2 protein chains.
Amino acid sequence: MENLDTTFAALAHATRRSILSRLMQGESRLSDLAKPFNMSQTAVSKHVRVLSDAGLLTIEKRGRTRHCRLNAEPMKQATDWLIDYQAFWTQQFDNLAQHLADERE
Amino acid sequence: MENLDTTFAALAHATRRSILSRLMQGESRLSDLAKPFNMSQTAVSKHVRVLSDAGLLTIEKRGRTRHCRLNAEPMKQATDWLIDYQAFWTQQFDNLAQHLADERE
DNA sequence: TCACCACTGAACCAGATGGTTGACAATATG
DNA sequence: CATATTGTCAACCATCTGGTTCAGTGGTGA
């Protein structure tokens with residue numbers, strides 16, 4: 001789908017974020033991806049499906065294995081959306097700085 | 001809560017993102033927030049609750065009205081997480097550039 | 001005081017989510 | 001061929017989500 005809803009929803013789960021950061025180090029087979037997690041491979045497969053639907057990774061069928069590769073592009077759109085708020089999360093520091101500056105006078 | 005799960009989950013809904021961008025223009029009463037949306041005020045109230053639980057806005061009770069104020073700070077953590085992938089979403093352009101460079105030779 | 005306004009809470013509902021198990025399909029490998 | 005590996009699919013389950021309606025609470029203003 002690759003809209004903001006599905007991107008953010010895909011990122012809203014520690015297991016899936018963990019899968020993505022794993023894929024930063026290079027592509028991985030689905031079975032290898034599943035190993036670190038204390039859940040069935042079917043469950044991991046479902047998470048991978050969610051990430052795939054969100055366009056955050058691509059799956060390549062190779063023999064009997066599936067190879068997953070990171071596709072971070074949708075994250076850019078999510079980041080772009082968030083960046084608009086940058087002024088607001090720095091604001092409180094600015095306010096604090098202003099407050100301290102005022103106090104010194 | 002203010003962890004990444006709840007932050008991303010809160011952002012994974014167009015109505016809630018819309019509420020947040022509305023609050024960029026300044027604080028707003030809950031009833032005013034609800035007006036643009038084609039749903040009951042109770043529904044909007046629930047969305048505001050989700051945002052409040054995620055720490056993305058604060059609610060101040062003032063007489064019989066509730067006034068919502070943006071608190072973008074949790075977004076910073078979300079952005080920080082996403083920024084790590086910046087190299088990967090530019091990568092495809094780099095690859096393309098490399099491909100074009102290779103072709104010219 | 002009385003009526004309205006702003007909002008909350010509870011109950012309900014349909015559908016999504018995150019997990020399980022078990023059966024199956026397809027691809028190696030001995 | 002026989003068997004193990006890799007993964008999907010279907011069914012099931014509990015819980016969460018996003019919406020509704022209705023009743024109630026408490027503040028405002030005529």
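Just so we're on the same page: letters track the sequence lines, and every chain starts at 1. Everything numeric in this text was worked out from a predicted model, so none of it was measured. When reading the values below, keep in mind they use all heavy atoms of this one structure, side chains included, and skip hydrogens, waters and symmetry mates.
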### Residues A:Tyr85, B:Leu20; criterion side-chain contact (heavy atoms from CB on, under 4.5 Å); working and verdict
CA-CA 9 Å; A:Tyr85 292 85; B:Leu20 291 174; 3.6 Å; yes
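Closest non-hydrogen pair, A:Pro74 versus A:Asn71, comes out as CD-O, 3.3 Å.
Within the structure, salt bridge (charged side-chain N to carboxylate O under 4.0 Å, His left out) contacts touching residues 7-17 of chain B (residues at least two apart or in different chains) are A:Asp5-B:Arg17. Residue pairs that meet the ring-ring contact (aromatic ring centres under 6.0 Å, His included) test with at least one member in residues 18-72 of chain A, sequence neighbours left out, are A:His13-A:His47.
Summarising the geometry, the separation between CG on A:Asp5 and P on C:dA16 is reported as 14 Å, rounded to the nearest angstrom. Rounded to whole Å, the distance from CZ on B:Arg62 to C1' on D:dG26 is 18 Å. Whole-Å rounding puts the A:Lys61 NZ to D:dT8 P distance at 9 Å. The nearest whole Å value for the distance from the CD atom in B:Glu60 to the C1' atom in C:dC7 is 16 Å. Distance, B:Arg66 CZ to C:dC5 P: 17 Å, rounded to whole Å.
Among residues two or more places apart in sequence or in another chain, the side chain to side chain contact (heavy atoms under 4.5 Å, CB included) test is passed with B:Gln25 by none. With sequence neighbours excluded, the residues satisfying salt bridge (Lys or Arg N to Asp or Glu O under 4.0 Å) with B:Arg49 are B:Asp53. With sequence neighbours left out, A:Ala9 forms a side chain to side chain contact (heavy atoms under 4.5 Å, CB included) with B:Ala12. A search for side-chain hydrogen bond (donor to acceptor under 3.5 Å, both in side chains) contacts involving A:Asp80 returns A:Lys76, not counting sequence neighbours. Partners of A:Lys61 by salt bridge (Lys or Arg N to Asp or Glu O under 4.0 Å), not counting sequence neighbours: none found. Here A:Ser45 pairs with A:Leu30 under the side chain to side chain contact (heavy atoms under 4.5 Å, CB included) rule; sequence neighbours left out. Under the salt bridge (Lys or Arg N to Asp or Glu O under 4.0 Å) criterion, B:Arg64 pairs with no residue, sequence neighbours left out.
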### Query
Where along nucleotides 9-21 of chain D does protein come under 4.0 Å, by heavy atom, of base (B) or sugar-phosphate alone (S), with - for untouched nucleotides?
B-B------SBBB
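Applying the 3.5 Å distance criterion, the base of C:dT27 shares a donor-acceptor pair with the side chain of A:Arg64.
B:Ser45 has a side-chain polar atom (N or O) that falls below the 4.0 Å cut-off from OP1 or OP2 of C:dT8.
Within residues 22-34 of chain A, no residue is approached by DNA chain C to less than 4.0 Å at the level of any non-hydrogen atom.
Comparing the axis of the opening five pairs of the helix from C:dT1-D:dA30 to C:dG30-D:dC1 with that of the closing five pairs yields an angle of 10°, rounded to 10°.
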